[in-house]
Amino acid sequence: MAIEEGDKVPAVQLQGMDGESFALDRHFDGPFVLYFYPKDDTAGCTREAQDFSAFKPQFDAAGVAVLGVSRDNAIKHQKFVNKYDLTVPLATDPDGTALEAFGAWVEKQLYGKKYMGIDRSTFLFDGEGRLVRAWRKVRVPGHVVEVLDALRELHD
C-alpha cells in the first residue's frame, strides 16, 4: 500500500550521486521534499529539476531539503546535473522499492500500449518525517511554486 498523508517516511534504500546507498528514513534531520520523476534529460523532467534548482534558495531559507529521485543511475544523474547546472541533489532507486512504497510505480498508457512507469509525484514531509502533503500526476508548470505555498502554510 502506498504512503498516505500522516504516514512516516518509509525505510527504503536509495543511492546518492556518489554511488553510496542511504536509508531515506535516516537521511534528513528536518522537513524535506521528495520528488519522483521519470527520466533525466527529457523535457518535463529537465524543466522540473530546473524549477526546483531555481527555487532552492527559498527551500534552503525555510530549512527544507529537496531530493529528486528516478531510476537513472548516478553517472546519468551527474551528466544531467552538469549539463543544466542543477543545484538540487538527485538519487537513484535502482530496485524500485521506493517507487513502490510511494505508489509512484504505476501502469501507464501511450498510444494504446500499457506499460509500467514512474508517476511524476512530489511529497512534503515535516521535521518528524511525517507526510504532510502529496501531489500525484504532477504537471510541471507552476508545481514548485505550489509546493512552496504548501510549505508556507505548514509554517503558518
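The model shown is predicted, which means the values in this text are computed figures rather than measured ones.
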Only distances under 3.5 Å count here; give the side-chain donor-acceptor pairs of residues 20-39 to other protein atoms, sequence neighbours excluded, each with its distance to 0.1 Å.
unit_1: Y37; atom_1: OH; unit_2: D40; atom_2: OD1; d: 2.5
unit_1: Y37; atom_1: OH; unit_2: H77; atom_2: ND1; d: 3.3

Value for CZ (R120) from OG (S70), rounded to nearest 0.5 Å, stands at 10.5 Å
Nearest heavy-atom approach of I3 to V9 is CD1-CA, 4.4 Å
Here the pair of heavy atoms bringing G103 nearest to R136 is O-NH1, 3.6 Å
So the salt bridge (charged side-chain N to carboxylate O under 4.0 Å, His left out) pairs with at least one residue in residues 64-79 (sequence neighbours excluded) are D72-K76
Between the CZ atom in F52 and the CG atom in L90, the distance rounded to the nearest 0.5 Å is 11.0 Å
d(T42 OG1, R47 CZ) to nearest 0.5 Å is 13.0 Å
In short, T92 meets P94 closest at the heavy-atom pair O-CD, 3.1 Å
Q. Judged by atom type as modelled, is there a donor-acceptor pair below 3.5 Å linking the side chain of R130 to the main-chain atoms of D7?
A. no
message = Donor-acceptor pair, distance only, cut-off 3.5 Å: does the side chain of S53 make one with the backbone of L86?
response = no
Just distance, no hydrogens or angles: give the donor-acceptor pairs under 3.5 Å from side chains in residues 105-119, sequence neighbours left out.
unit_1: K108; atom_1: NZ; unit_2: I118; atom_2: O; d: 2.6
unit_1: D119; atom_1: OD1; unit_2: K137; atom_2: N; d: 3.2
unit_1: D119; atom_1: OD2; unit_2: K137; atom_2: N; d: 3.4

Rounded to the nearest 0.5 Å, the CZ atom of F80 sits from the NZ atom of K83 at a distance of 9.0 Å
Compile the donor-acceptor pairs under 3.5 Å between side chains in residues 139-149 and protein atoms, sequence neighbours left out, one pair per line.
unit_1: H143; atom_1: NE2; unit_2: T122; atom_2: OG1; d: 2.7
unit_1: E146; atom_1: OE2; unit_2: W135; atom_2: NE1; d: 3.0
unit_1: D149; atom_1: OD1; unit_2: R152; atom_2: NH1; d: 2.8

In the structure I gave you, are the side-chain heavy atoms of L14 and V69 within less than 4.5 Å of one another anywhere? yes
In terms of heavy-atom contacts, M17 and A74 come closest through O-CB, 3.6 Å
Hits for salt bridge (Lys or Arg N to Asp or Glu O under 4.0 Å) against D60, two or more places apart or cross-chain, chain-then-number order -> K56
With sequence neighbours left out, the residues meeting salt bridge (Lys or Arg N to Asp or Glu O under 4.0 Å) with D126 are none
